[in-house]
Number of protein chains: 2
Amino acid sequence: MEKQHNLSKNQKIIFDLIDKSPEPLKAYSILFNVQKKGINAPLQVYRALDKLVEIGKIHKIESRNAFIACQNSSCQISKATAFSICESCEKVSEISNTKLSKYLSNFADQAGMKYSKYNLEFFGLCKKCKSK
Amino acid sequence: MEKQHNLSKNQKIIFDLIDKSPEPLKAYSILFNVQKKGINAPLQVYRALDKLVEIGKIHKIESRNAFIACQNSSCQISKATAFSICESCEKVSEISNTKLSKYLSNFADQAGMKYSKYNLEFFGLCKKCKSK
DNA sequence: TTGTAAATGTTATATTATTACATTGTGTTA
DNA sequence: TAACACAATGTAATAATATAACATTTACAA
Ligand SMILES: [Zn+2]
Ligand SMILES: [Zn+2]
Ligand SMILES: [Zn+2]
Ligand SMILES: [Zn+2]
């Protein structure tokens, strides 16, 4: 049984916004959108984002400095993440592929390093953009 | 035969600095270090970095906003990159593993997206830090 | 109820990256 | 060589992303 995380007020406001969004949101765009709810400063946004990332409710798309809700119900913690990113329309999807995640989780290189986490970002054209 | 890229003056100064560095360098740390060589503005650094990334001489470590020289002689273009990152000492190495790169280059997900590029970052503890 | 950790509020500041515009260098081809 | 096109440079201003420092409040369990 996973630990239940009761989101705080700010965390909930910000998670709901990201969760409803069809595309990854940037921190200052989030800030702009939640000012009517009383969240006024960047730090309030970044603190909520940090916590939401930590508990796996959202992920950061590193190449875009943007945040997306976890689309994988079993992905409670952001230890093994993979995304596909369309370089034309910027659509981002979380990849949920057992074979891939097993392959990467078991990967061990020559340097004797043991990994506890990975993040993978694929780039290309989505179906829609490809057929244009 | 790969296209030969003759680096320009600024590109060479900045590449040499990154290439000599044992760790990834950040843009403004690069700027600070090349001011004695007549490079005075952030944009001069970012332009050189962009070009060096484009031709595959360096890679950007997205999770760190830092740049590392390509450690893989066959990696002329940054289309398929993988790194290991020590979360304790911040040591970064480029992973060069044919099986891994083949696996990822051939990966196709359900969404019908065809990928032209990927970037993978593994996190953990390096040998040294693990044994502390 | 009291101690502790988490979350919040607020101001200021640090860090990373780009826009806009003018100029100079480099290599190709008429 | 002259003319052109394109890459690279120089400079100033500003945008976008993220954190430091400090005071206060809330949640919740011992
Ligand atoms: Zn997820
Ligand atoms: Zn697309
Ligand atoms: Zn490389
Ligand atoms: Zn280490």
Side-chain angles (χ1 to χ4, degrees), chain A residues 3-18 21 23-68 77-78 87 90 92 119 121, chain B residues 3-18 21 23-68 77-78 87 90 92 119 121:
Chain A
K3 184 168 186 303
Q4 170 74 25
H5 288 281
N6 296 309
L7 299 186
S8 71
K9 175 175 147 285
N10 288 1
Q11 288 160 15
K12 186 157 184 359
I13 290 170
I14 287 171
F15 175 71
D16 286 346
L17 182 69
I18 296 173
S21 170
E23 62 207 349
L25 294 179
K26 298 185 151 240
Y28 276 73
S29 136
I30 293 170
L31 175 57
F32 179 81
N33 275 282
V34 296
Q35 281 182 326
K36 47 183 170 293
K37 305 223 172 181
I39 295 178
N40 302 300
L43 191 49
Q44 294 176 292
V45 173
Y46 281 104
R47 282 197 283 225
L49 290 173
D50 285 351
K51 185 69 185 184
L52 291 168
V53 166
E54 185 193 327
I55 64 180
K57 300 280 289 180
I58 66 172
H59 304 301
K60 181 173 188 182
I61 309 300
E62 291 287 356
S63 65
R64 298 297 185 262
N65 296 319
F67 299 85
I68 191 176
I77 291 202
S78 314
E87 290 185 299
E90 291 294 324
V92 174
N119 179 55
E121 296 180 4
Chain B
K3 185 171 186 302
Q4 171 71 26
H5 288 284
N6 296 309
L7 299 186
S8 72
K9 175 174 147 285
N10 288 2
Q11 288 160 17
K12 186 156 183 2
I13 290 170
I14 287 171
F15 175 70
D16 286 345
L17 183 69
I18 296 173
S21 170
E23 62 206 352
L25 294 180
K26 300 186 150 237
Y28 277 73
S29 135
I30 292 170
L31 176 57
F32 178 80
N33 275 281
V34 296
Q35 282 182 327
K36 46 183 171 290
K37 304 224 173 183
I39 296 176
N40 302 299
L43 189 49
Q44 294 176 292
V45 173
Y46 280 104
R47 281 197 286 224
L49 290 173
D50 285 351
K51 186 68 186 188
L52 291 168
V53 165
E54 185 193 328
I55 64 179
K57 300 279 289 180
I58 65 172
H59 304 302
K60 182 173 187 182
I61 308 301
E62 292 287 356
S63 65
R64 297 299 185 260
N65 297 318
F67 300 84
I68 191 175
I77 292 201
S78 315
E87 290 185 299
E90 291 294 325
V92 174
N119 179 54
E121 298 181 3

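Every chain is numbered from 1, with letters handed out A, B, ... down the list of sequences.
One atom, CZ of Phe32(A), and another, P of dT17(D), lie 14 Å apart when rounded to the nearest Å. Atom CG in Asp50(B) sits roughly 10 Å away from atom C1' in dT18(C) (whole-Å rounding). For Tyr46(B) and dT19(C), the OH to P distance is 13 Å, given to the nearest whole Å. Here dT16(C) presents its P atom at 11 Å from NZ of Lys60(A), a figure rounded to the nearest Å. The separation between Leu43(B) atom CG and dC21(C) atom P is 14 Å, rounded to whole Å. In this structure, the CD atom of Glu62(A) is 13 Å from the P atom of dT17(D), given to the nearest Å. The distance between atom CG of Leu31(B) and atom C1' of dT9(D), rounded to the nearest whole Å, is 15 Å. When the C1' atom of dT9(D) is taken as reference, atom CD1 of Ile13(B) falls 12 Å away, rounded to whole Å.
In this structure, Glu121(B) contributes its side chain and Ile61(B) its backbone to no donor-acceptor pair below 3.5 Å.
Scanning atom types as modelled, no donor and acceptor separated by under 3.5 angstrom connect the side chain of Tyr28(B) and the base of dA14(C).
Put simply, the side chain of Glu62(A) reaches to within 4.5 Å of the side chain of Asn119(A), judged on heavy atoms. The shortest distance between side-chain heavy atoms of Leu7(A) and Ile14(A) does not fall below 4.5 Å. Within the 4.5 Å cutoff, the side chain of Glu23(B) has no heavy atoms near those of the Ile68(B) side chain. The shortest distance between side-chain heavy atoms of Ile18(B) and Leu49(B) falls below 4.5 Å.
If you check dG10(D), dT11(D), dA7(C) against the side chain of Asn10(B), the one that comes closest is dG10(D). Distance from the side chain of Gln44(B) is smallest to dT11(D) among dT11(D), dT8(C), dT17(D). Listed candidates were dA8(D), dA17(C), dT8(C). Nearest to the side chain of Ser8(A) is dT8(C). Side-chain atoms of Arg47(A) lie closest to dC22(D) of the nucleotides dA18(D), dT16(C), dC22(D). Listed candidates were dT10(C), dT19(C), dT9(D). Nearest to the side chain of Gln11(B) is dT9(D). Listed nucleotides: dT17(D), dA20(D), dA17(C). Nearest to the side chain of Pro42(B): dA17(C).
A residue-by-residue look at Asn65(A) and Ala41(A) shows that Ala41(A) has its nearest nucleotide of DNA chain C further toward the 5' end.
Of the side-chain N and O atoms in Lys26(A), one or more sit less than 4.0 angstrom from OP1 or OP2 of dT17(D). When the side-chain nitrogen and oxygen atoms of Lys51(B) are compared with OP1 and OP2 of dA7(D), none of them lie within a distance under 4.0 Å.
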